[in-house]
Amino acid sequence: MITATTIEEVRNVIKKWKAEGLTVGLVPTMGALHEGHASLVEAAVAGCDRAVASVFVNPTQFGEGEDLDSYPRDFARDCEVLEAKGCDMVFHPAVEEMYPDGYGTYVNLESEMTKQLCGKSRPGHFRGVCTVVSKLFNIVTPDRAYFGEKDAQQLAVIRRMVKDMNYGIEIVGCPTVREADGLARSSRNSYLNEEERAAAVVLYRSISRAKEMLAAFGAPSAEDPADAGALKAAMTEIVSSEPLARIDYIEAVDGETLLPKERLVSGDLVAMAVYIGKTRLIDNFTI
């Protein structure tokens, strides 16, 4: 596996691959890789001739008081995971490489999409996400880029950005990978102590209850949609029963626009963000 730390190195390798007619898949990450990230790399390896992963803790998507400095970092282990999954190149730039002195250009999706869900409590977050992903697209010029469905709002925002900016890159959403007890894999799970880890399962319990309600109701349709209020109330009741949990949001939204909906049909999204102790976890499911 090639390890590149500069944009020039990446471009030189990509130029050779493209000259050979090879397709390139990109997996953007912030490192601290887990099985969820590994599944994205597997998908990129299976779907493209060459797979590239970026490992870069992007400072522009962290707000004041968030966990930029404490975000888990273990590049040596990340490389072991990537190489084991068949990744062909890892791009691991310094902050100065991505944001040199005098940097002042940002990509901002100016729509209601970024003001919903996580955007309410993390202003500026998606400006940072769109900026760094745009830069990675310009550096790597992939044919396909792979993102996890656990970060459903991020996936929807990136799809909108790609469409708006005419990138011509196929965005591939990959299923959420879960622990045996249902907790969605996340780099931030490492923040949880033993008691908090046990409490964190409440997110999945609430999702399971909502899915049971939907199953009993039958497949929602335009003629017979599901009641978002009932689903949210049931999920809120379960999460609120956990003393260590504090709800940031539990919302039901349109799967494409992310605007709130009271009546849900196939393709719509129910998403949540919950603090377990000091750790903010997200999860979701699609109707």
Side-chain angles (χ1 to χ4, degrees), residues 23-31 33-48 50-55 58 61 81-82 85-87 107 109 111 113-114 116-119 122 125-126 128-134 136-137 140-179 182-188 203-204 207 210-211 214 220 251-259 261 264-273 281-287:
T23 57
V24 177
L26 171 65
V27 180
T29 86
M30 293 206 300
L33 303 185
H34 50 70
E35 286 82 353
H37 296 112
S39 72
L40 302 182
V41 176
E42 288 177 341
V45 169
C48 301
R50 296 290 183 269
V52 179
S54 61
V55 174
N58 175 40
Q61 69 189 69
V81 172
L82 293 172
K85 294 299 178 182
C87 185
V107 179
L109 178 54
S111 81
M113 289 182 73
T114 58
Q116 311 303 316
L117 307 176
C118 290
R122 303 188 72 187
H125 170 69
F126 289 108
V129 169
C130 287
T131 299
V132 76
V133 171
S134 290
L136 290 169
F137 285 173
V140 179
T141 61
D143 298 280
R144 300 181 183 91
Y146 297 79
F147 296 87
E149 292 176 352
K150 181 180 78 73
D151 297 296
Q153 185 174 17
Q154 172 179 274
L155 178 56
V157 166
I158 288 169
R159 281 182 167 147
R160 181 77 250 182
M161 179 188 75
V162 165
K163 182 177 181 179
D164 289 351
M165 300 298 288
N166 310 111
Y167 272 113
I169 297 169
E170 180 185 351
I171 303 302
V172 182
C174 298
T176 300
V177 176
R178 299 184 179 277
E179 304 277 0
L183 180 65
R185 298 275 188 178
S186 170
S187 299
R188 289 187 169 95
L203 278 77
Y204 185 64
I207 287 176
K211 287 184 174 180
L214 285 169
E251 297 289 349
V253 299
D254 183 280
E256 184 174 338
T257 68
L258 303 183
L259 295 178
K261 291 186 70 174
L264 305 176
V265 297
S266 177
D268 288 335
L269 180 73
V270 180
M272 62 198 308
L281 302 177
I282 61 172
D283 208 339
N284 68 80
F285 70 95
T286 299
I287 301 295

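Everything quoted here is computed from the prediction, not taken from an experiment.
Annotation: side chain of Pro142 is not in contact with side chain of Val52 (no heavy-atom distance under 4.5 Å). Phe285 is listed as a side-chain neighbour of Leu214, based on a closest heavy-atom distance under 4.5 Å. Residues Val270 and Leu264 have side chains in contact (heavy-atom distance under 4.5 Å, counting atoms from C-beta outward). Between Leu203 and Met272 the shortest side-chain heavy-atom distance falls below 4.5 Å. Using a 4.5 Å heavy-atom threshold, the side chains of Ser186 and Lys150 count as touching. Residues Val24 and Val140 are in side-chain contact: their nearest non-hydrogen atoms beyond the backbone lie under 4.5 Å apart. For the pair Ile282/Leu117, no side-chain contact is recorded, criterion being any heavy-atom separation below 4.5 Å from C-beta on. Contact of the Thr29 side chain with the Leu40 side chain is not registered, since no non-hydrogen atoms from C-beta on lie closer than 4.5 Å.
For the atom pair NE2 of His37 and SG of Cys174, the computed distance is 11.5 Å after rounding to the nearest 0.5 Å. For the atom pair OG1 (Thr176) and CG (Leu183), the distance works out to 11.0 Å, reported to the nearest 0.5 Å. Once rounded to the nearest 0.5 Å, the distance linking CZ of Arg188 with NE2 of His34 reads 10.0 Å. A distance of 6.5 Å separates CG of Leu109 from CG of Asp164, quoted to the nearest 0.5 Å. Residue Leu33 holds its CG atom at 11.5 Å from NZ of Lys85, rounded to the nearest 0.5 Å. In this structure, CG on Leu258 lies 9.5 Å from OG1 on Thr114, to the nearest 0.5 angstrom.
Not a single donor-acceptor pair under 3.5 Å links the side chain of Arg144 to the backbone N or O of Val172. Remark: the backbone N or O of Leu269 is not paired with any side-chain donor or acceptor of Thr286 at under 3.5 angstrom. In this structure, the side chain of Gln153 engages the main chain of Cys118 through a donor-acceptor pair within 3.5 Å. Judged by distance alone, with hydrogens and angles left aside, the side-chain atoms of Glu251 form no donor-acceptor pair with the main-chain N or O of Leu259 at under 3.5 Å.
In terms of heavy atoms, Thr23 sits closest to Cys48 at OG1-CA, 3.5 Å. Ile169 and Ala145 make their closest contact through CG2-N, 3.9 Å (heavy atoms, listed as atom of the first residue, atom of the second, distance). Taking every heavy atom of both residues into account, Ser187 and Gly31 meet most closely at OG-O, 3.5 Å. Across all their heavy atoms, Met161 and Ser134 have their closest contact at SD-OG, 3.2 Å. The two atoms that bring Leu155 and Gly173 nearest to each other are CD2-CA, 4.0 Å, heavy atoms only. Taking every heavy atom of both residues into account, Cys87 and Val45 meet most closely at N-CG2, 4.3 Å.
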Working for side chain to side chain contact (heavy atoms under 4.5 Å, CB included), residues Val129 and Val157: CA-CA 9 Å; Val129 169; Val157 166; 5.8 Å; no

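Within a 6.0 Å sphere centred on CD of Glu170, other residues, nucleotides and ligands contribute more than 12 heavy atoms.
Legend: ring pair (Phe, Tyr, Trp, His ring centres under 6.0 Å) pairs involving residues 142-164, not counting sequence neighbours: none detected.
Partners of Asp268 under the salt bridge (charged side-chain N to carboxylate O under 4.0 Å, His left out) rule, at least two apart in sequence or in another chain, are Lys261.
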